[in-house]
There are 2 protein chains.
Amino acid sequence: MNPNDLNERKLQILQAIIADFITTGEPVGSRSLSKSHDMGISPATIRNEMSDLEEMGYLTHPHTSAGRVPSDKAYRLYVDELMDTSQLDEADKQKIRTKLLESRNELDSTIEHAAELLSDMTNLTSFVLMPRKDESKLKYINFLPVDSNTVVLMIVAEDGQVMNRAIRLTSPYTEENLQLMSKVMTHNYMGKSISAVMAMDIIDSFTNDMESLSNLAQDVVPSFLKTLEKMLNADLVMNGYSNIFSLPEFSGDMQKTQQFLRMLEDKNRLTDVIVNRDKGVMITIGDENSEDMKDLSLITADYRVNGELVGRLGVIGPTRMKYGKVTSVIKYISDNISQTFELKEKNDVKEEHNDDGSTEADS
Amino acid sequence: MNPNDLNERKLQILQAIIADFITTGEPVGSRSLSKSHDMGISPATIRNEMSDLEEMGYLTHPHTSAGRVPSDKAYRLYVDELMDTSQLDEADKQKIRTKLLESRNELDSTIEHAAELLSDMTNLTSFVLMPRKDESKLKYINFLPVDSNTVVLMIVAEDGQVMNRAIRLTSPYTEENLQLMSKVMTHNYMGKSISAVMAMDIIDSFTNDMESLSNLAQDVVPSFLKTLEKMLNADLVMNGYSNIFSLPEFSGDMQKTQQFLRMLEDKNRLTDVIVNRDKGVMITIGDENSEDMKDLSLITADYRVNGELVGRLGVIGPTRMKYGKVTSVIKYISDNISQTFELKEKNDVKEEHNDDGSTEADS
DNA sequence: GTTAGCACTCAGGTGTTGAGAGTGCTAACA
DNA sequence: TGTTAGCACTCTCAACACCTGAGTGCTAAC
């Protein structure tokens, strides 16, 4: 368990096995190991050490006459103690910076580009999450006329999140009612958090107090609540799921491929898993994950905007992945996003602006 | 070529072969055919007919000693002349109606539900497209303050389409400038079509005429253009891509599966294909499609809102699919969407409302 | 025109075999 | 006592042969 159980040589051998296995995907034998990594000991000695390592749980054996394969425990040790996370060369860094700068003024496209970079550079499936926050407060609510029986509901939160939705009405509306509704709802919910508003008994408040609006409210409130709910739900974007076909562990095994893709298709489940991970860079390997991901690894990191935690991005792939490279890519990308959107602030704010929300109060 | 070339018996045999092959996926032999469909002729006779049909291009032979498989031409004939598109029983219809009614007031979720229904009931990959229209005209443009260096751009079109995007500014803004910008842009572009606005030289107009706004314009106009572009681009939603794993033609063939999924992952390409199809129910089979879909079939149909063409939905799968059933499902769903959003109008409009856009003119 | 009979074809499953890569054990060596 | 060479053994994998079943095409008889 404790890496101190392992003497220098065992560690060296383990590292060599992991490195070889990660690049080739083939079980590593004693002879080929002694050839590729010249460490001045014979295959027989390596075999003895391997046997010990297996007993300690760091290696496994697909079958008697196969080479050794690192266990999840070995990957854990590797990730914690052995791996090199500074594998990004200047060209890679340049590539990341360039692509992210392309869309520096728009958070949304920056995020999309980040996902693309991530799957391209790791050759794995990447995802990006824009978590919505319960605590984010409403700023204004607005209903816009579209045609005789359709309106658009628009909700803006203080943190800049905007959500809109077309609503079909069952009874006709008047322009005045619509404006009144916008005003009343903005007045009632401005400054309140999304979750707080969702907990209120909204329909009732209209039927009781505002006779004239109750018809409109019947149509509009359910959609309003659904829209709030959608604002709370994190939005998951995925990229490069067909990358798995280039991995030998999948390309031979239809069963596994199918399982992987079905897992990805259940977005709610996956979102849940990602949302509930620890902050910062987090790596979970094989059986550290839940049952349905037990031979996959997950690496995630957070990105910030204005120093505030806003989202999470990461990759998912087989336990055999280039942890060092992948981790450095993820780190570099997330830091870069965070920095881009932080630097600006420091440089740019020369003048404080008035932000009392008055723009919308008269609409 | 002409189905008149085929006598009654040939047609009957061809139909039987197609039916068998669609359900089993196995090449159909003369003996098994004569057993399953009792048509009072011996296998030998069937063989002769099959041989004729093959010569005419309706059947093919995977190899000498295999049964016959329908060609794309046969499917074409089947779809045009033989298939039964009234295969939906009341339970299925009920299921569709119920699910679509769940979200009757919101177009967006209705569409999502439609996609789910479609892939569930056909066991294929479904997609739904919300085409944006070049001709849709802008209604208002609004910039909303978020924090000291972020604003949200919101564009509303006359047809109810709303698009928003967070923009990071490189230089600070004032509340007044923001409001002015909203007013100016709304004034300039209101009533113009998206494509017309995109063709205009927007930045120039600011640097020349509006000195005070030129800084803000520098930051904001590129994002404005990108957002317009996004409004033009159709938004493709897909569902059930892992359904292909249950199909024998894929589950044995990794190559094919990979090709299929890679094709689906290229959304731009796929969107293009779908956008450019004919109106109404359209079925394209095998080599009637482009090279990369030459052993797939595509069925699409349009749905309307207020009698106006707004979107398209469909499925994609192997040429061996239950054309009758699938077509009826697609038809029923698209009709149902269209009807839901048409019926309402007829029932509900008792009062004409004022729609001069004045709500936003003073914001 | 239809059918029975028969020779022929071919994919796919099964069994066998040999090569190759690897292990574990033992005995010798430093 | 740790290291190594040697060797028997194991297991996968690819190649090969073989068989079976399903199917065809052809021919001759009905």
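Values below: all heavy atoms of this structure, side chains included; hydrogens, waters and symmetry mates excluded. Letters A, B, ... mirror the listed sequences (proteins, then strands); counts begin at 1.
Contact between the side-chain N/O atoms of Ser32(A) and the OP1/OP2 oxygens of dG22(C) is found at a separation under 4.0 Å. At the phosphate of dT4(D), OP1 or OP2 sits under 4.0 Å from a side-chain N or O atom of Ser42(A). In terms of phosphate contacts, Ser30(B) brings a side-chain nitrogen or oxygen within less than 4.0 Å of OP1 or OP2 of dT24(D). Taking side-chain N and O atoms only, Arg31(A) has no distance below 4.0 Å to OP1 or OP2 of dG20(C). Of the side-chain N and O atoms in Arg47(B), none sit less than 4.0 angstrom from OP1 or OP2 of dC26(D). Residue Arg9(B) has a polar side-chain atom (N or O) positioned under 4.0 Å from OP1 or OP2 of dT2(C).
Of the candidates dC10(C), dT3(C), dG24(C), dT3(C) carries the atom nearest the Thr45(B) side chain, counting heavy atoms from C-beta on. With dT24(D), dC10(C), dA5(D) as the candidates, the nucleotide lying closest to the side chain of His63(B) is dC10(C).
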Might you work through the side-chain contact (heavy atoms from CB on, under 4.5 Å) test for Phe245(A) and Thr257(B), ending with a clear yes or no?
-> CA-CA 9 Å; Phe245(A) 287 106; Thr257(B) 308; 4.2 Å; yes

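Atoms CG (Asp52(B)) and P (dC26(D)) sit 12 Å apart, rounded to a whole Å. Atom CE in Met50(A) sits roughly 15 Å away from atom P in dT4(D) (whole-Å rounding). To the nearest angstrom, P of dG12(C) lies 12 Å from CG of Asp253(B). Remark: P of dA4(C) and CD1 of Ile41(B) are 12 Å apart, rounded to the nearest angstrom. Look at CZ on Phe21(A): it is 16 Å from C1' on dA21(C), rounded to the nearest Å. For the pair Glu55(B) CD and dG25(D) P, the interatomic distance rounds to 11 Å; values are reported in whole Å. Distance, Glu49(A) CD to dT23(C) C1': 16 Å, rounded to whole Å. When rounded to the nearest whole Å, the span between CZ of Arg68(B) and C1' of dA22(D) equals 13 Å.
Under the 30°/60° scheme for interplanar angles, the aromatic rings of Tyr78(B) and Tyr323(B) are found to stand perpendicular.
Paired regions of DNA chain D, where each region holds three or more successive Watson-Crick or G-U pairs whose two hydrogen-bonding distances fall under 3.5 Å, are C:1-30 with D:1-30.
A donor and an acceptor atom never sit less than 3.5 Å apart when one is taken from the side chain of Thr64(B) and the other from the base of dT9(C).
Using a distance-only test at 3.5 Å, with no hydrogens or angles considered, no donor-acceptor pair links the side chain of Arg68(B) to the main chain of Thr60(B). A donor-acceptor pair is defined here as one N or O able to donate and one able to accept, closer than 3.5 Å; no such pair exists between the side chain of Thr300(A) and the backbone of Gly314(A). Arg312(A) contributes a side-chain N or O that, together with a main-chain N or O of Arg277(A), makes up a donor-acceptor pair within less than 3.5 Å.
Using a 4.0 Å heavy-atom distance criterion, Ala66(B) is classed as a sugar-phosphate-only contact.
Ion pair Asp292(A)/Arg269(A) flagged as a salt bridge, since at least one NZ, NE, NH1 or NH2 atom sits closer than 4.0 Å to an Asp/Glu carboxylate oxygen.
When each of Pro27(A) and Ser65(B) is assigned the nucleotide of DNA chain C with its nearest heavy atom, Ser65(B) is the one assigned upstream, toward the 5' end.
No side-chain donor-acceptor contact under 3.5 Å links Ser119(B) and Asn243(B).
When the options Gln15(A), Lys10(A), Arg9(A) are evaluated for a side-chain contact (heavy atoms from CB on, under 4.5 Å) with Ile13(A), the one that passes is Arg9(A).
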